[in-house]
Protein chains: 4
Amino acid sequence: MSAVHPTKKEVVSGYRRACILKAARKVFARHGFEGATMDDVAEACSIAKGTLYLYFKSKRQIYMGVFKQDLQILRETSQRAIDAAHSPGEKIRAFVTSRLAFCDRNNSFFKIYNSDASAIFVTPHPTHKELKEFYFEQSRVLESLIAEGIRSGELREVSPQAAAFAIYDMTRSLVSRRILGLADQAPLDEEAGVLLDLIWRGIGKDGPA
Amino acid sequence: MSAVHPTKKEVVSGYRRACILKAARKVFARHGFEGATMDDVAEACSIAKGTLYLYFKSKRQIYMGVFKQDLQILRETSQRAIDAAHSPGEKIRAFVTSRLAFCDRNNSFFKIYNSDASAIFVTPHPTHKELKEFYFEQSRVLESLIAEGIRSGELREVSPQAAAFAIYDMTRSLVSRRILGLADQAPLDEEAGVLLDLIWRGIGKDGPA
Amino acid sequence: MSAVHPTKKEVVSGYRRACILKAARKVFARHGFEGATMDDVAEACSIAKGTLYLYFKSKRQIYMGVFKQDLQILRETSQRAIDAAHSPGEKIRAFVTSRLAFCDRNNSFFKIYNSDASAIFVTPHPTHKELKEFYFEQSRVLESLIAEGIRSGELREVSPQAAAFAIYDMTRSLVSRRILGLADQAPLDEEAGVLLDLIWRGIGKDGPA
Amino acid sequence: MSAVHPTKKEVVSGYRRACILKAARKVFARHGFEGATMDDVAEACSIAKGTLYLYFKSKRQIYMGVFKQDLQILRETSQRAIDAAHSPGEKIRAFVTSRLAFCDRNNSFFKIYNSDASAIFVTPHPTHKELKEFYFEQSRVLESLIAEGIRSGELREVSPQAAAFAIYDMTRSLVSRRILGLADQAPLDEEAGVLLDLIWRGIGKDGPA
DNA sequence: TATGAATGAGTCTTCATTCAT
DNA sequence: CATGAATGAAGACTCATTCAT
């Protein structure tokens, strides 16, 4: 099995794919899907244009490749942070901060991710389905953390789904603003702190009332 | 003066522009900016391609035209709702609900708006600058409502800007999910209620404690 | 007959044609035939584009109109100068100098004329035939002046046709250079003098010898 | 190095460029720059339209390519003929006759060359600058031959520049007439002889007088 | 007669994809 | 496997000409 003894061929092939994806990520982040050309990608990884087609069936396949790879990494990073936390509250905090940190670091990924999240509106491509699933998967992760928090009494009785979406969206949007330079570039921790405070306590003067 | 006695020519010309914008809105919503062709737009309003260029200098100008028109309407609708409310809290609620209602109704606008909000990441076009300004303008409206709420003691001491962004983003994202069919299609009021509850009280068990 | 009692209609019509030709001359001189647009012409004579088609069947017809009009004036100017001279030698000089002076003054005409003289090479349009005929007509005028000079003993026995062409061409080219600013802008008289001296005596040290 | 061992690729590429230029020359000669389409050119050398853009950046670049190539050949041909002659007089004759012969053979070049020489009047394009320089370069060659002839006593004291222009222009115009079929198609030698006789001795009855 | 809005054929150029070497 | 030359479909935009008013 290739899993056991990757042949030399497979190693080289894997290397090539990785190289293409890396180059493509940069290119797509800079020019967007439509704006990027296969020539750009080929040049960015010092490879012939035709070769790209040996590893990916089309421009869109490359795009999806970049996408899935990043999503996978984000998933894992996020999961690790959650696992390392102990209370539901801490886990939710971990979800938010790990995500903020990841996107802050990999902003070329985020640009693509976010761009696509909108393109989803227009032509529904396979990429989009993938994204949709990821979106749900992630918000379900959050949802179950919230549900657990409610059970443990750490959180008040809210709709786990609604709360999950709200947190998820605020997180995503905060990243957007930071990457676009639309907000003051306060340290990430601080911004995360403010955001978590809002999530936790809302803006109202007094609790349950 | 044209304001007083719009000539027949002006009426026709105005009608044509409106007609083009209307058709273009649909086309752009369906195919995105890149995906839409001038032929599509022309056909959608049953005029010759060349005619489009009598009213708009370029494809992008049409796009911007659609954009600005919708933005303007949203701005006004929103403002009216805010003005009709009395306490800061009510005004914030009005901001959120009017916006949700507007986007729910005009979803082809929202598709464009949102799509562009992401394209902003890649090539910074004039449209994008416009959008950025609108984004800030709107979040500042919210910001000042929040500041007022804090002064009046209705809200606790939060960062008005951070809170404004958070509310704005959650609202926007909720619309996205609804339009994409990513969430249960509960009645808008209900969803708005849930969202506002979260905004108001957060998810934590008890307030300041 | 209209020649006798031009109706008011004819007068207006004539005025319009003249106005169009005048505007067109400028436009064609500046942008060339291909580069000029009917909009340019219409604007240049403050008239609606459609109106142009009431007076001329097509863009090319306008062009030809400009052309023929100028050619006619040049023809007449030149002829008057020749008639005023007495000896064949003087007449030849008159031919050259009147032409130089005319083109120097009407350089927008000359630009068109010359441009067309070359376009003649490519697609043989009716305009070109006209031009060809004019070219021959003018060189025949010169030819017969030369023949007369030979008969009168003022000129040596040369091929009248060859000499006519040579003189004609040198004159035309001198104008080109002046209009293009390719040569020192000496006073026209002086340049004409040098040219005529060359025509008369050639460059060789001594005659037949 | 490519100069030593042109790779197969270079050979093919060179061949393609040459092929395109050859086809383009014909097309431009027949339709002019504006009248020629990229489709025409592509078809004329039996390649796809897109392929043209692999070798030239734009229509205009192809045009300029044709141009420069021909100019270079004419330059060299002419220079060789001049070098082979011994006295200044012979060299001038060589200049004229080699040029006549060249243009007579390559008349599609001449059509372009001449056409452009006029287009120079309208929009000053880079091509035109190139042409202008060539024009001056060539007339300076002639000018120095004349100056030398004057020094050697073979020619009378004339303005070398004026004489150079005159000869150059007559030569060019003679070619025009021949290509256009405006003159009797006498053998080239004969026409050259007549022209040179005129240049040498002018048309006047007696020498210095 | 005068207008100028409408038309749509025609142009250059780009770029994803194929395929012979 | 790798290459990169070749392809040709597609798209934005122009402009001479027409025609309803």
Side-chain angles (χ1 to χ4, degrees), chain A residues 8-9 12-13 16 33-43 46-63, chain B residues 8-9 12-13 15-16 31 33-43 45-62, chain C residues 8-9 12-13 16 33-43 46-63, chain D residues 8-9 12-13 15-17 33-43 45-62:
Chain A
K8 185 179 160 199
K9 204 175 292 186
V12 171
S13 163
R16 269 286 154 85
F33 179 75
E34 309 275 0
T37 70
M38 291 300 266
D39 278 291
D40 291 337
V41 175
E43 193 185 11
S46 309
I47 226 179
K49 198 176 11 166
T51 307
L52 295 175
Y53 286 86
L54 296 177
Y55 296 92
F56 294 91
K57 252 181 57 194
S58 68
K59 185 183 174 184
R60 188 155 286 272
Q61 288 288 326
I62 297 181
Y63 189 72
Chain B
K8 187 172 158 202
K9 207 170 298 183
V12 171
S13 164
Y15 171 73
R16 269 286 149 85
H31 302 103
F33 178 75
E34 310 274 1
T37 73
M38 292 300 265
D39 278 291
D40 290 339
V41 176
E43 194 184 9
C45 58
S46 310
I47 63 175
K49 199 183 355 173
T51 307
L52 294 176
Y53 288 88
L54 295 179
Y55 295 91
F56 295 91
K57 254 181 53 197
S58 66
K59 184 183 173 186
R60 182 130 240 137
Q61 289 287 327
I62 296 181
Chain C
K8 184 180 163 197
K9 203 177 291 187
V12 171
S13 164
R16 271 286 153 87
F33 179 76
E34 310 275 0
T37 71
M38 292 300 266
D39 278 290
D40 291 337
V41 176
E43 193 187 11
S46 310
I47 226 178
K49 196 174 14 165
T51 308
L52 295 176
Y53 287 86
L54 296 178
Y55 295 93
F56 294 90
K57 251 182 55 193
S58 67
K59 185 183 175 186
R60 187 154 287 272
Q61 289 288 326
I62 297 181
Y63 190 72
Chain D
K8 189 172 158 197
K9 207 170 297 182
V12 171
S13 164
Y15 171 73
R16 268 287 149 85
R17 282 185 67 93
F33 179 76
E34 310 273 4
T37 71
M38 292 301 265
D39 277 293
D40 291 339
V41 176
E43 194 184 10
C45 56
S46 310
I47 64 176
K49 202 182 353 174
T51 307
L52 295 176
Y53 288 88
L54 295 179
Y55 295 91
F56 295 91
K57 254 180 51 195
S58 67
K59 184 183 174 185
R60 181 129 239 136
Q61 289 287 326
I62 296 182

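In what follows, every chain begins at residue 1, and chains take the letters A, B, ... in the order their sequences are listed. In this text, all values refer to a predicted model and were calculated from it rather than measured experimentally. Values below: all heavy atoms of this structure, side chains included; hydrogens, waters and symmetry mates excluded.
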Handout entry: Under-4.0 Å side-chain N/O to phosphate OP1/OP2 contact, A:Arg16 with F:dA2
Key = yes

Problem - Interatomic distance, C:Glu43 CD vs F:dC15 C1' [rounded to whole Å] - result: 15 Å

Completion exercise
By nearest-heavy-atom nucleotide on DNA chain E, the more 5' of D:Thr37 and C:Leu54 is C:Leu54

Problem - Check: C:Lys49 side chain, C:Glu43 main-chain N or O, donor-acceptor pair, under 3.5 Å - result: no

Exercise for the section: Indicate the atoms forming the closest heavy-atom contact of B:Phe33 with B:Arg60, along with that distance. Expected result: CE2-NH1, 3.4 Å

Practice task
Side-chain contact test, heavy atoms from C-beta onward, threshold under 4.5 Å: evaluate it for C:Ser13 versus C:Arg16 and give yes or no.
Solution key: no

Fill in the blank from the handout: B:Ile62 atom CD1 is separated from F:dA12 atom C1', nearest whole Å, by 11 Å

I'd like a list of close polar pairs between nucleotides 17-21 of chain E and the protein, N/O only, cut-off under 3.5 Å.
unit_1, atom_1, unit_2, atom_2, d
E:dT17, OP2, A:Tyr53, OH, 3.1
E:dT17, OP2, A:Lys59, N, 3.1
E:dT17, O4, A:Lys49, NZ, 2.9

Exercise for the section: Please report, rounded to the nearest Å, how far the C1' atom of E:dT1 is from the CD1 atom of C:Ile47. Expected result: 11 Å

Practice task
Return yes if some donor-acceptor pair links the side-chain N/O of D:Arg17 with the main-chain N/O of D:Tyr55 below 3.5 Å, else return no.
Solution key: yes

Handout entry: Closest non-hydrogen atom pair, C:Ala42 against C:Ala48
Key = CB-C, 4.1 Å

Exercise for the section: Would you indicate what D:Ala42 reaches in the nucleic acid, counting non-hydrogen atoms under 4.0 angstrom: base, sugar-phosphate, or nothing? Expected result: nothing

Handout entry: Spacing between B:Asp40 atom CG and F:dG11 atom C1', to the nearest angstrom
Key = 10 Å

Exercise for the section: Rounded to the nearest angstrom, tell me the gap between atom CD in C:Gln61 and atom C1' in F:dA16. Expected result: 14 Å

Problem - Flag, side chain of B:Lys59 to backbone of B:Ala36, donor-acceptor distance under 3.5 Å - result: yes

Problem - Phosphate OP1/OP2 of E:dT3 contacted by C:Thr51 side-chain N/O (<4.0 Å) - result: yes

Completion exercise
Here the pair of heavy atoms bringing C:Met38 nearest to C:Leu52 is O-CD1, 3.6 Å

Exercise for the section: Check the distance between F:dA5's C1' and D:Leu52's CG and give it to me in whole angstrom. Expected result: 13 Å

Exercise for the section: Quickly work out the D:Phe56 CZ to E:dT13 C1' distance and round it to whole Å. Expected result: 16 Å

Exercise for the section: Please work out the stems of DNA chain F from pairs that are Watson-Crick or G-U wobble with both distances under 3.5 Å, keeping only runs of three or more consecutive pairs. Expected result: E:2-21 with F:2-21

Practice task
In whole angstrom, give the distance that lies between atom NZ of B:Lys9 and atom P of E:dA2.
Solution key: 16 Å

Handout entry: Side chain of D:Tyr55 - closest among F:dA5, E:dT3, F:dA2
Key = F:dA5

